[in-house]
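Both ligands and their constituent atoms are indexed starting at 1 by order of listing.
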Amino acid sequence: MILITQATVTDAQIDHIVARIEGFGLRSQIMRGDSRVIISVLGPEDLIREKPLAAIPGVESVVPVMKPYKLVAQENGALPPPVSIGGVKIGSGQRIALISGPCSVESKEQVLSIATLVKNAGARVLRGGAFKPRTSPYSFQGLGEDGLRFLAQARAVTGLPIITEIMDTRDLSLMEKYTDCLQIGSRNMQNFALLKEVGRSRLPVMLKRGFSATINDLLLSAEYILSEGNPNVLLCERGIRTFETMTRNTLDLNAVPILKAKTRLPVVVDPTHGIGLREFIPQMSLAAVAAGADALMIEVHHDPEQARSDGEQALQPEVFGDLVRRIRAVAEAVGREL
Ligand code: PEP
Ligand code: MN
């Protein structure tokens, strides 16, 4: 950590800063500039981070040297293996994965028929919500355990591994009976109790970016999961809230190359929630592949008009099938494959 003093700092204040640092069991090195003094604080990074250095009189700013998300950044480690969702490896280099299915599981027939359609089109993981985070308490909340059972039945028929959202720490053991991957939704990205709980699970976790979260916030939330011992985290960009009202969210494709540069965790893009308008999901899917996404998550419904959630942004299976062909072409153009 580097401390930069105020221009008006006095010698007595500098002596006090150094005494405080030593009092914390840390060491210091002083560099005097023309107007300011720069003090390096040396010692264990975790210890330094928890000390109230910015509160010492005469200190203007405190600049960290190490990234606060050290496990996610893999600064000291070798390349982690790709994350496997029931045997489908994501982030293993060339190959991009498509994760697809309905927003909500509505019935056994619905999820089975959509699972078959998306599998035939090229999807490798089935998504579907059994516990739904709805803005209104009066909206459809999901089928709960029945929904999980229907997903598992669809997996048994199609062979597609499944991903579904967990909203409550109390549901983890139930989820572990059924699913291959846990989804943490945008609204729960900073539910730290939930992050710690899934950090103790053996299942991989797809962490969706909060719609008001910075990239740094997303990385720190991922750090919560890794710090509990679960290294199998996928980061998902799903759009953020901006002043723009023409779209549901603003899909922040800037995040993709940045996340890829700052961490070696696989990066998933969800263009469905990112733009929220069915007709423009294909364009944003192709852009996400060009930006470097390792997987795309796309909602598909065979009868969007009847969907119990997010029908307005669900692709019809034929449109999804056509999109898969175009994704393949863009993937090849950028040196990837589907
Ligand atoms: C979803 O994937 O269906 C979902 C609710 O997404 P988000 O948490 O990104 O809104
Ligand atoms: Mn949805």
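Using modelled atom types and a 3.5 Å distance limit, the side chains of His301 and Asp310 yield no donor-acceptor pair. No side-chain donor-acceptor contact under 3.5 Å links Thr164 and Thr179. If you check the side chains of Arg248 and Gln313, you find a donor sitting under 3.5 Å from an acceptor.
Each of Asn249, Asp252, Thr214 was checked for a side chain to side chain donor-acceptor pair (under 3.5 Å) with Arg209, and the lone residue meeting it is Asp252.
Screening the protein for N, O or S atoms under 2.8 Å from the Mn ion (ligand 2) yields 4; no waters enter the count.
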Give every pair made of an N or O atom of ligand 1 and a protein N or O atom lying under 3.5 Å apart, one pair per line with both atom names and the distance to 0.1 Å, or write 'none'.
residue  : atom   : partner : partner atom : Å
ligand 1 : 2 (O)  : Arg127  : NH1          : 2.8
ligand 1 : 2 (O)  : Gln183  : NE2          : 3.0
ligand 1 : 2 (O)  : Lys208  : NZ           : 2.9
ligand 1 : 3 (O)  : Arg127  : NH2          : 3.0
ligand 1 : 3 (O)  : Lys132  : NZ           : 3.0
ligand 1 : 3 (O)  : His273  : NE2          : 3.4
ligand 1 : 3 (O)  : Glu299  : OE2          : 3.3
ligand 1 : 6 (O)  : Lys208  : NZ           : 2.9
ligand 1 : 8 (O)  : Ser186  : N            : 2.8
ligand 1 : 9 (O)  : Lys208  : NZ           : 2.9
ligand 1 : 9 (O)  : Arg238  : NE           : 2.6
ligand 1 : 9 (O)  : Arg238  : NH2          : 3.4
ligand 1 : 10 (O) : Arg187  : NH1          : 2.9
ligand 1 : 10 (O) : Arg238  : NH2          : 2.8

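Heavy-atom minimum distance, Ser186 versus Phe211: OG-N, 3.0 Å.
For the pair Ile99/Val88, no side-chain contact is recorded, criterion being any heavy-atom separation below 4.5 Å from C-beta on. Gln110 is listed as a side-chain neighbour of Pro102, based on a closest heavy-atom distance under 4.5 Å.
Note on Glu299 versus Arg127: salt bridge recorded, some NZ/NE/NH1/NH2 to OD/OE distance being below 4.0 Å. A salt bridge links Arg155 to Asp180: at least one charged side-chain nitrogen sits closer than 4.0 Å to a carboxylate oxygen.
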